[in-house]
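Working notes, structure below.
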Amino acid sequence: MTLFGKYNVLLAPMAGVSDIAFRTLCLEQGADLAFTEMVSAKGLSYANEKTRNLLALAAGEKSVGVQLFGHEPDTMASQAAWIEDVMGQTLAYLDINMGCPARKIVSKGDGSALMREPDLAASIVRAVKEAVSHPVTVKFRRGWSIGDETAPQFAQRMEDAGADALAVHGRYAEQLYRGSADWGTIARVKDAVRVPVIGNGDVRSGTDAVRMRDVTGCDAIMIARAAEGNPWLFSQVKAALAGNSEPCTPTVEQRLRMARRHAQLLSQREGRNIVRMRKHAMWYVAGLPGAACARERINHCSTLSDFDAVFDELLEIAEGSNAERR
């Protein structure tokens, strides 16, 4: 439990999403800790500059979680040691990805493919634990094949190998992100091990977070896709877990202001070309008046001014709708 004494609500590692800009916004809204995008141990071993840039901290980010993926124990261990050496105390802890179901990941034997090879998975955990002094956690799923829940036994293997905590997503790898996450899996893992357990999957509101905590007994909650275009989710979750009323749903104006700031943060980091803002912009404007037309324009945006123009137009539409209602 001490591992999560101050990290109760976490932003999950998400490839192409949990970069410096997005982490900044989520931390401001109440996330206790954020993860970098998942980092390839093999990419680090080749001294790939793009991969190493994933480890950069946001302004004011005192510590960060780093998730490594790979399937070679020696490479995972050596790169975990390198991360610890470079990051020092700004590293909160290291997580080993054994849950990503993406085809390009599992086809190489990484991510959730390791759930089919528990012996190899355990050897990776042991190697990383021997190489670093920071806490080591493992994130995995309900199991690989739909209907074959292996998470509790897998959790015990990872605990025996030295994992300091475990993060569990309640879907099978074969489900990808379809269907619902089974929180009962998280509860069964919690009953099977002594180390802290982080619950993950389908937390979309403060009410969901309270229910997950109560149903599973988990020690911390990890939020992923539900935060896309919705950093306010963290303030809602923190309030609900503390027994307070959840903040109001953000207004159109607040959503567009956040989207604009997100684009500004990306521009400060990446320069003029911020094409990667397109998907974030789509998430922010979803459901807003005029969003259907805006999506087509967003697909052609590449600069801060491009995105600002779209957000300005959506704000005008919203203000016009408000005026008509009055």
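The residues of the chain are indexed from 1 along the displayed sequence. Just so we're clear, the structure is a prediction, and the values are computed from it rather than from any experiment.
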Next item on the list: Could you go through the salt bridge (charged side-chain N to carboxylate O under 4.0 Å, His left out) check for D119 and R157 one step at a time?
Entry: CA-CA 8 Å; D119 290 341; R157 290 292 303 274; 2.7 Å; yes
Next item on the list: Output, in order, the C-alpha distance, side-chain angles, deciding distance and verdict of side chain to side chain donor-acceptor pair (under 3.5 Å) for Q67 and T36.
Entry: CA-CA 7 Å; Q67 185 189 68; T36 64; over 6 Å; no
Next item on the list: Any chance you could lay out the salt bridge (charged side-chain N to carboxylate O under 4.0 Å, His left out) test for R276 and E37, step after step, and finish with the verdict?
Entry: CA-CA 14 Å; R276 67 184 296 167; E37 300 177 57; 3.3 Å; yes
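If you take CG on N273 and OG1 on T303, they are separated by 8.5 Å, rounding to the nearest 0.5 Å. A distance of 7.5 Å separates CG of L94 from NE2 of H134, quoted to the nearest 0.5 Å. Distance check, rounded to the nearest 0.5 Å: CZ of R141 to OG1 of T185 gives 11.5 Å. Atoms CZ and CG, on R23 and L11 in that order, are 8.5 Å from each other to the nearest 0.5 Å. Rounded to the nearest 0.5 angstrom, L44 CG and L68 CG are separated by 6.5 Å. If you take SG on C26 and CZ on F35, they are separated by 13.5 Å, rounding to the nearest 0.5 Å.
With a 6.0 Å radius and a threshold of 12 heavy atoms from other residues, nucleotides or ligands, K279 has its NZ atom above the threshold.
In summary, the side chains of E246 and S205 do not present any donor paired with an acceptor at a separation below 3.5 Å, with no hydrogens or angles considered. In summary, the side chains of Y172 and R142 do present a donor paired with an acceptor at a separation below 3.5 Å, with no hydrogens or angles considered. Side-chain contact, D95 with T137: a donor N or O sits under 3.5 Å from an acceptor N or O.
V138 is connected to L120 through a chain of hydrophobic side-chain contacts under 4.5 Å among Ile, Leu, Val, Met, Phe, Trp and Tyr, so both are in one cluster.
Heavy atoms only, all atoms of each residue included: H300 and R278 are closest at C-NH2, 3.9 Å. For C100 against M38, the heavy-atom pair with the smallest separation is SG-CE, 4.0 Å. Closest of all the heavy-atom pairs between M115 and F154 is CA-CE1, 3.7 Å. The minimum heavy-atom distance linking D202 with A181 is given by the pair OD2-N, 2.8 Å. The two atoms that bring I124 and G70 nearest to each other are CD1-O, 4.0 Å, heavy atoms only. For I317 against G290, the heavy-atom pair with the smallest separation is CD1-CA, 4.1 Å.
With E84 contributing its side chain and A81 its backbone, the two residues share no donor-acceptor pair below 3.5 Å. Remark: side-chain polar atoms of E228 are not paired, donor with acceptor, to backbone N or O of H280 under 3.5 angstrom. Listed for the D182 side chain is no donor-acceptor partner under 3.5 Å among the backbone atoms of G170.
Between K129 and D164 a salt bridge is recorded (basic side-chain N to carboxylate O distance below 4.0 Å). Using a 4.0 Å cut-off between a side-chain N of Lys or Arg and a carboxylate O of Asp or Glu, R261 and E28 qualify as a salt bridge. A salt bridge does not link R126 with E159: every distance from a Lys NZ or Arg NE/NH1/NH2 to an Asp or Glu carboxylate oxygen is 4.0 Å or more. Salt bridge annotation for R269-D19: absent, with no cationic side-chain nitrogen under 4.0 angstrom from a carboxylate oxygen. The pair R297-D306 fails the salt-bridge criterion, with no side-chain N (NZ, NE, NH1 or NH2) lying under 4.0 Å from an Asp/Glu carboxylate O. R260 and D312 are joined by a salt bridge, as a carboxylate oxygen and a charged side-chain nitrogen come within less than 4.0 angstrom of each other.
Between Y177 and H169, the ring-plane angle classifies as perpendicular under the 30° and 60° cut-offs.
Aromatic ring centres of F307 and Y284: separated by at least 6.0 Å.
Side-chain contact check for L241 versus I221: some heavy-atom pair is nearer than 4.5 Å. With a 4.5 Å cut-off on side-chain heavy atoms, I198 and D219 do not count as touching.
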